[in-house]
Amino acid sequence: VREDGMALQYADQFKEDREVVMVAVWEDGMALQFADQFKEDREVVMAAVRENGRALQFADQFKEDRVVVMAALEQNGKALQYADLVKDEREVVIAAVEQYGTILKHAGSFKKDKGVVMAAVRENGRALQYADQFKEDREVVMAAVREHGMALRYADQFKEDREVVMAAVREDGMALQFADEIVNKGGDDAKEVVMAAVPEAGMALRYAGPFKEDPEVVMAAMRQEGWALQYANQFKVDREVVMAAVDQNGFALKYADQFKEDREVVMAAVREDGMALQYAGPFKGDPEVVMAAVRENGIALQYADEIVNKGGDDAKEVVMAALREDGIALEYADQFKEDREVVMVAVRQDGWALQYADQFKEDREVVMAAVREDGWALLYAGKFKEDEKVVIAAVQEYGRALQFADKFKGKSEVVLRAAKNDIKSLQFADKNIFKDTIFMKKLFSHYALYTSLVSSYFSHEKGIKMNKCDENLK
């Protein structure tokens with residue numbers, strides 16, 4: 001239970017042992033649910049709610065105890081939903097909504113208290129949905145949309161109020177979807193609202209109604225999010241708009257059918273995002289376009305079959321460029337997986353690429369390069385899982401690679417090196433190694449700094465509480 005308080009549920013014989021229960025709730029307050037005999041013990045309950053305010057739900061006798069409830073709320077405002085008569089105290093409710101605005105849902109009669117509602121929406125505009133009569137209060141609505149623009153959805157009476165809508169879309173352009181009553185009217189006021197929305201969220205163009213045909217609005221959207229080109233129907237044939245879109249997001253090329261054969265547009269797209277090569281039509285076989293793509297994202301090599309499958313120096317150059325950017329691209333370099341130079345570049349960039357180098361899994365130099373870059377690559381090291389130097393190189397880079405080295409799980413030098421990299425790698429060691437006194441002395445010598453934590457594991461200076469140890473010590 002020191003490691004995980006919830007383990008109390010399996011400790012039937014000790015659920016009536018107060019010391020065990022206290023340790024459990026200090027570690028995880030929610031363990032109180034398994035401590036039936038102590039749910040009326042104020043000290044145990046206080047320890048539980050201080051660790052997790054929501055543990056109040058299991059403390060029926062204390063749901064009206066102001067001190068216990070306030071301790072729970074201080075830790076987690078959501079605990080208000082479990083507080084009974086204390087909900088009638090304004091101070092308690094204010095404390096809760098100032099921490100979690102949406103807890104207003106459980107505020108009972110205080111939903112009619114403007115001060116409480118204002119505190120809630122200022123913390124989280126979404127709380128407006130629980131504000132009942134105050135959804136028609138302009139001050140409350142303004143506070144809500146300024147904190148969370150999308151709260152406009154709950155403000156039916158103010159969706160035509162230009163100032164409220166402007167505040168909403170400035171906070172989150174996508175709130176434009178709830179402003180169709182203003183947008184569809186057209187005119188200067190409507191355009192001003194739209195122009196406030198799309199530079200903040202280009203995808204808001206989807207909700208721009210008649211302004212999808214306004215070049216100024218469309219360009220503003222493209223500059224913020226090129227992917228919005230999908231909503232600019234009339235401008236998908238406008239080269240300037242398309243260029244703005246792919247410059248911002250290369251994937252916008254997907255929606256630029258008329259320009260997939262325009263080399264300049266395609267180059268702009270793949271330079272911004274190499275994966276846009278998949279939409280490059282006739283240019284998937286253009287060495288310069290493909291090179292630009294794989295230099296931006298090596299995995300774009302998967303769309304370069306036309307070049308790679310030809311083989312030759314030009315193809316190798318493209319493959320090498322891709323692998324220098326991302327070694328995992330070796331998966332798509334079928335013609336070159338038997339080229340040692342290519343494979344070495346791949347595993348040095350990302351050792352994990354060894355999984356695609358079947359012909360070289362018995363090449364010690366290749367395997368060593370792979371595990372030095374990423375110890376996890378030992379998984380694919382075949383016979384070299386029994387090579388001590390290879391294994392040591394792997395665990396020094398990634399301690400938990402020890403799990404793949406069955407032959408060395410009981411060898412102190414290997415396990416110690418793994419532990420020095422990651423103490424949690426000890427879970428993969430042969431249990432008998434912990435009976436080796438010399439090994440244990442070396443291990444504790446390395447982790448001597450942790451011994452100081454032992455004396456402070458329990459502290460009684462400020463009430464009874466447990467100091468959580470460093471995760472690695474656990």
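Closest approach of K385 to L378, counting heavy atoms only: CE-O, 3.1 Å. Of all non-hydrogen atoms in A232 and V218, the two that sit nearest each other are CB-CG1, 3.9 Å. Taking both residues in full, the closest heavy atoms of G209 and N184 are given as CA-OD1, 4.2 Å, listed atom of the first, atom of the second, then distance. Counting all heavy atoms, side chain and backbone alike, Q335 lies closest to V308 at CG-O, 3.4 Å. Between A220 and V198 the shortest heavy-atom distance is CB-CG2, 3.8 Å. Nearest heavy-atom pair, L73 versus A96, reported as atom, atom and distance to 0.1 Å: CD2-CB, 3.9 Å.
Checking side-chain atoms of E386 against main-chain N and O of K383 turns up no donor-acceptor pair under 3.5 Å. Under the 3.5 Å distance criterion, the side-chain polar atoms of Q177 are matched with a main-chain donor or acceptor of M174. Under the 3.5 Å distance criterion, the side-chain polar atoms of K159 are left unmatched by any main-chain donor or acceptor of I182. A distance-only check finds no donor-acceptor pair linking the side chain of S425 to the backbone of L402 [under 3.5 Å].
In this structure the side chain of L205 reaches within 4.5 angstrom of the side chain of K212, judged on heavy atoms. A heavy-atom distance below 4.5 Å is not found between the side chains of L323 and Q349. Between I433 and S412 there is a side-chain heavy-atom pair separated by less than 4.5 Å. Side-chain contact between T437 and M440 is absent, with no heavy-atom pair separated by less than 4.5 Å. For the pair K389 and M368, the minimum side-chain heavy-atom distance is below 4.5 Å. Taking the side chain as every heavy atom from C-beta outward, E27 and V1 never approach each other to under 4.5 Å. With a 4.5 Å cut-off on side-chain heavy atoms, H106 and I103 count as touching. Contact annotation: the side chain of L253 approaches that of V265 to within less than 4.5 Å [non-hydrogen atoms, C-beta and beyond].
Partners of K254 by salt bridge (charged side-chain N to carboxylate O under 4.0 Å, His left out), not counting sequence neighbours: none found. With sequence neighbours left out, Y100 forms a ring-ring contact (aromatic ring centres under 6.0 Å, His included) with no residue at all. Remark: D314 pairs with no residue by the side-chain hydrogen bond (donor to acceptor under 3.5 Å, both in side chains) rule, at least two apart or across chains. Considering only residues two or more places apart in sequence or on other chains, D339 meets the side-chain hydrogen bond (donor to acceptor under 3.5 Å, both in side chains) condition with K316. Under the ring-ring contact (aromatic ring centres under 6.0 Å, His included) criterion, F404 pairs with W376, not counting sequence neighbours. Evaluation of the ring-ring contact (aromatic ring centres under 6.0 Å, His included) rule for F158 yields no partner, not counting sequence neighbours. Remark: Y231 pairs with no residue by the ring-ring contact (aromatic ring centres under 6.0 Å, His included) rule, at least two apart or across chains. Applying the side-chain contact (heavy atoms from CB on, under 4.5 Å) rule to E373 yields the partners D350; only residues at least two apart in sequence or on another chain are considered.
K310 has no carboxylate O lying under 4.0 Å from a charged side-chain N of E306, or vice versa, which leaves the two without a salt bridge. The pair D422-R400 meets the salt-bridge criterion, with a side-chain N (NZ, NE, NH1 or NH2) lying under 4.0 Å from an Asp/Glu carboxylate O.
More than 12 heavy atoms of other residues, nucleotides or ligands lie within 6.0 Å of CD in Q234, so this atom counts as buried by the packing criterion. Atom CG of D313 sits in a sparse spot, with 12 or fewer heavy atoms from other residues, nucleotides or ligands closer than 6.0 Å. Heavy-atom contacts from other residues, nucleotides or ligands closer than 6.0 Å to CD of E261 number 12 or fewer. Counted within 6.0 Å of CD on E181, heavy atoms from surrounding residues, nucleotides or ligands total more than 12; the atom is thus considered enclosed. Heavy atoms from other residues, nucleotides or ligands lying under 6.0 Å from NZ of K431 number more than 12. The number of heavy atoms from other shown groups lying within 6.0 Å of CD (Q9) is above 12.
Among residues at least two apart or in separate chains, there is no ring-ring contact (aromatic ring centres under 6.0 Å, His included) pair with a member in residues 298-323. Legend: side-chain hydrogen bond (donor to acceptor under 3.5 Å, both in side chains) pairs involving residues 271-298, not counting sequence neighbours, sorted by first then second residue: R263-D286, R263-E288. Residue pairs meeting the side-chain hydrogen bond (donor to acceptor under 3.5 Å, both in side chains) criterion with at least one member in residues 321-333, sequence neighbours excluded, are E331-Y356. Contacts classified as ring-ring contact (aromatic ring centres under 6.0 Å, His included) and involving residues 175-213 (residues at least two apart or in different chains) are not found.
Note that OH of Y380 is 9.0 Å distant from CG of L354, once rounded to the nearest 0.5 Å. Annotation: the span from M203 atom CE to R206 atom CZ amounts to 7.5 Å, rounded to 0.5 Å. The CG atom of D387 sits 9.5 Å away from atom CD1 of I392, with the distance rounded to the nearest 0.5 Å. Distance check, rounded to the nearest 0.5 Å: CH2 of W227 to OH of Y255 gives 4.0 Å. From L443, atom CG reaches atom CD1 of I423 across 5.0 Å, with rounding to the nearest 0.5 Å. Here the CE-CG distance, from M320 to L301, works out to 12.5 Å after rounding to the nearest 0.5 Å.
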Residue pair V169, E200: steps toward the side chain to side chain contact (heavy atoms under 4.5 Å, CB included) verdict: CA-CA 8 Å; V169 299; E200 198 285 322; over 6 Å; no
Audit row: N52, Q75, side chain to side chain contact (heavy atoms under 4.5 Å, CB included) steps and yes/no: CA-CA 6 Å; N52 188 328; Q75 199 286 320; 4.0 Å; yes
What verdict does the side chain to side chain contact (heavy atoms under 4.5 Å, CB included) test give for V97 and E123, after you've listed the backbone C-alpha separation in whole Å, the side-chain angles of each residue and the deciding distance to 0.1 Å? CA-CA 7 Å; V97 299; E123 195 286 318; over 6 Å; no
Step by step, would you call V415 with F408 a side chain to side chain contact (heavy atoms under 4.5 Å, CB included)? CA-CA 7 Å; V415 175; F408 300 99; over 6 Å; no
Start with the C-alpha distance between N421 and E397, add both sets of side-chain angles, then the distance that settles side-chain hydrogen bond (donor to acceptor under 3.5 Å, both in side chains), and finish with yes or no. CA-CA 7 Å; N421 174 271; E397 196 288 319; over 6 Å; no
